[in-house]
Every structure is written in C-alpha cells, then in structure tokens.
There are 2 protein chains.
Amino acid sequence: MQRDTRQRRAIRRAFEEAGHPLSPQELLDLAQEDVKSLGIATVYRNIRALQEEGWLETVELPGEPPRYEVAGKGHHHHFHCRDCDRVFEVEGCPGNIQAITPEGFKLERHEFVLYGLCEECRT
Amino acid sequence: MQRDTRQRRAIRRAFEEAGHPLSPQELLDLAQEDVKSLGIATVYRNIRALQEEGWLETVELPGEPPRYEVAGKGHHHHFHCRDCDRVFEVEGCPGNIQAITPEGFKLERHEFVLYGLCEECRT
DNA sequence: AACATATTGGGAGAACATAATCAAGAAACC
DNA sequence: GGTTTCTTGATTATGTTCTCCCAATATGTT
C-alpha cells in the first residue's frame, strides 16, 4: 500500500502553497524547506505517482521542460514571466478560436501562452 | 565567404516547398530527396547559419523540440496535427488577449497553439 | 517493540537533441 | 587546371532531463 511519507507530504504541500505550476527543480527547492534531505529522484518518482493518481497534471510550455500543477482546475491558460521564469495561471480564454482554424481542419483543443513580466518583476 | 553548396540549396528549397515549419528530422528527410548523402550534422549547421542570417525563425511548441520556418511572415500561430505530427500555419489571432491578462502583469507577447487533425488526417 | 515491505537518496546510466572534431570533398578564384 | 579554404559527413562528445539500481531508512501493522 501507499505510504504517507514526510517527502510526499512536503511535495504535496509545495504544490498547494505555490498555487502555480512547478518544475521538478522548483518543486525540489520548495519541498526541501520541509525535508532538507529530499533528493531529486524522489521528486520525479512522486511527480509520476501523483500524476497516475490524478492529483497532478502536466503543463507543457514552448521550449521548456514540463511543469506540473494540481489537477481539476477547469479550463485555463498560463503566463510565463521572462524575468523570474515562473508560470502563473490565467483565467478565461480569448474569443473565437474556431474562426481562425484553417479550412478543413478539425480543432480538438488549444493552448494559449502569455509572456511578459509578472506583478513582482514588473517594478 | 559563404559558399553556395548543393546541400544548402536543398535545405532552403525544402523550407520553401514545405510551406510549414519543419523539425531538423523532417528537414533532413525532405532535403535528402535532393541530396541523398546529406547528413544530420549539416542540417543542424545550416539551420543555425540560416537563423543567424535572419532567413529562418524558430517555432517552439509545447513539449516538442523546435521547428523552423522561413522568417518574415508576420504575426501568426500554429496548428499541430496529432496524427501526422506536422505543424501548420494559422492566420489571424483570437480576440482580446489583454482582457485575460492577470491584474498587474505586463503582457509582452503571446503564443497560441491549436491541436487536432489536419485536412489530410481528418479522413 | 518487532516485522514486513514501501520508500528514500545518491550515483550511475539511458535517452534525446544538438555541438564539436577532423579528414575528405567541393566551391570559388587565380 | 590548380590552389585555397569553406563545407560536408561520420563519429564522438556534450548537455539535459529523467529513470534505474540498491543499500539504508522509515512507515504501517501486528
């Protein structure tokens, strides 16, 4: 059976407290505040386990290794800060996507990525 | 000075005839129709040269290695076919992007990626 | 507390994309 | 045509991300 370890708790907590998608390295850094001995292998292992469990979802952005976020948030997009490199959630969705889909193509889903400076880095 | 080689001609021609972004491997396959001995190292070398020259631009899509397309096309987005894995250009741009940008964030640019089936794969 | 076993940490290593190396070949110029 | 030197092709190396392995450790159970 699945055990409730300090490491797994720290990892889950990091996601909940961060409130935005985390890369494995970001996750390691945050979770190490709870469990300083945490290793990167454990991070990857738990990311996989939490994904299979349906608790985590993958966030893929152009030219970036995957990040992960807590699942079940409903349709949203992401904002990537070019300064601090963090990714934030964006509510809502711009207008008529079907309208720009090429003739004859079947649109199934879409991703939208905003770039710029987050509130903190803007100053 | 820069020499005009069969390989370089084949690579340029592949981009022009394809009319959509190419991965290094796709480029190799296409350009080998002209120059069967073409090697992957030459492909990467010429991609870099053509980029520095401003003739090529990088197209980054989520979770994918970069593709490249002929530069100077003006603002557009991309459609990724889940079946044939090819990427196509999409004209136009959906509505009000600033409207969904989080409070206090500075929006500088955006990417938009459509997914589904291209005309050929739809059948 | 003692046991059974899931989990961890750290290092080795697989997988992938791309860059460096270098001898051989091919453009450009005389 | 001969020479110079840029370019190529094949191989090897590199960087990155992620997985595997295994002895040591921690958890849940009795």
Side-chain angles (χ1 to χ4, degrees), chain A residues 1-15 21-69 78 80 85-87, chain B residues 1-15 18 21-69 78 80 85-87 113:
Chain A
M1 112 262 37
Q2 165 120 321
R3 288 178 185 179
D4 184 31
T5 64
R6 293 188 317 129
Q7 292 75 351
R8 198 160 300 172
R9 275 196 300 277
I11 286 169
R12 247 190 278 247
R13 214 168 73 87
F15 276 114
L22 299 176
S23 67
Q25 189 58 53
E26 285 175 320
L27 178 54
L28 178 65
D29 294 343
L30 286 174
Q32 277 184 340
E33 292 174 9
D34 282 350
V35 181
K36 61 232 154 302
S37 69
L38 185 64
I40 190 69
T42 299
V43 167
Y44 280 106
R45 254 190 310 250
N46 278 288
I47 285 174
R48 196 152 39 127
L50 290 167
Q51 261 188 308
E52 283 165 7
E53 195 180 301
W55 195 82
L56 273 187
E57 275 173 8
T58 306
V59 176
E60 300 264 25
L61 297 185
E64 300 272 319
R67 289 172 172 78
Y68 303 88
E69 69 183 358
H78 296 96
H80 188 180
D85 201 44
R86 286 182 299 178
V87 171
Chain B
M1 114 264 34
Q2 166 119 322
R3 289 181 183 175
D4 184 31
T5 65
R6 294 189 314 132
Q7 292 78 347
R8 198 160 298 172
R9 276 194 300 277
I11 285 170
R12 248 188 278 242
R13 216 168 73 88
F15 276 114
L22 298 176
S23 66
Q25 188 57 52
E26 285 175 321
L27 178 55
L28 177 64
D29 294 342
L30 285 173
Q32 276 183 340
E33 292 174 9
D34 282 350
V35 182
K36 61 233 155 298
S37 69
L38 183 66
I40 190 69
T42 300
V43 167
Y44 279 107
R45 253 189 311 250
N46 278 288
I47 285 173
R48 195 151 41 124
L50 290 167
Q51 260 187 309
E52 281 164 8
E53 195 179 300
W55 194 83
L56 272 187
E57 276 173 7
T58 305
V59 177
E60 299 262 26
L61 296 185
E64 299 272 320
R67 290 172 172 79
Y68 303 89
E69 68 183 357
H78 295 96
H80 188 180
D85 203 43
R86 287 182 299 179
V87 171
V113 188

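In what follows, every chain begins at residue 1, and chains take the letters A, B, ... in the order their sequences are listed.
Residue A/Leu38 is classed as a sugar-phosphate contact, given heavy-atom separations below 4.0 Å to backbone atoms only. Among the atoms of the strands shown, base atoms are found under 4.0 Å from some heavy atom of B/Arg45.
Between B/Arg6 and B/Asp34 there is no salt bridge, since none of the side-chain N atoms of the basic residue sits less than 4.0 Å from a carboxylate O of the acidic one. With respect to the salt-bridge test (charged N to carboxylate O, under 4.0 angstrom), the residues B/Asp85 and B/Arg67 qualify.
Every residue was checked against the salt bridge (charged side-chain N to carboxylate O under 4.0 Å, His left out) condition with B/Arg48, not counting sequence neighbours, and none meets it.
No side-chain heavy atom of A/Glu69 sits less than 4.5 Å from a side-chain heavy atom of A/Thr58. At least one side-chain heavy atom of A/Phe15 sits under 4.5 Å from a side-chain heavy atom of A/Leu56.
The two atoms that bring B/Val43 and B/Leu28 nearest to each other are CG2-CD1, 3.8 Å, heavy atoms only. Closest heavy-atom contact between A/Glu26 and A/Pro21: OE1-O, 3.8 Å.
In this structure, B/Ile40 places its CD1 atom 16 Å from C1' of D/dT12, rounding to the nearest Å. Per the geometry, OH belonging to B/Tyr44 stands 16 Å off P belonging to D/dT8, to the nearest Å. Rounded to a whole Å, the CZ atom of A/Arg48 is 18 Å from the P atom of D/dT17.
From the 5' end on, the contacts that DNA chain C makes with chain B at under 4.0 Å to a non-hydrogen atom open and close at C/dA17 to C/dA28.
With B/Arg8 as the partner, the side-chain contact (heavy atoms from CB on, under 4.5 Å) test is satisfied by one option alone out of B/Gln2, B/Arg13, B/Arg45: B/Gln2.
At D/dT7, none of the side-chain N or O atoms of B/Asn46 fall inside 4.0 Å of OP1 or OP2 (strictly under the cut-off).
If you find the closest nucleotide of DNA chain C to A/Val35 and to B/Pro66, the one lying nearer the 5' end belongs to A/Val35.
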Subject >> Protein proximity profile, nucleotides 25-30 of chain D - base contact B, sugar-phosphate-only contact S, no contact -, cut-off 4.0 Å on heavy atoms >> reply: -BBS--
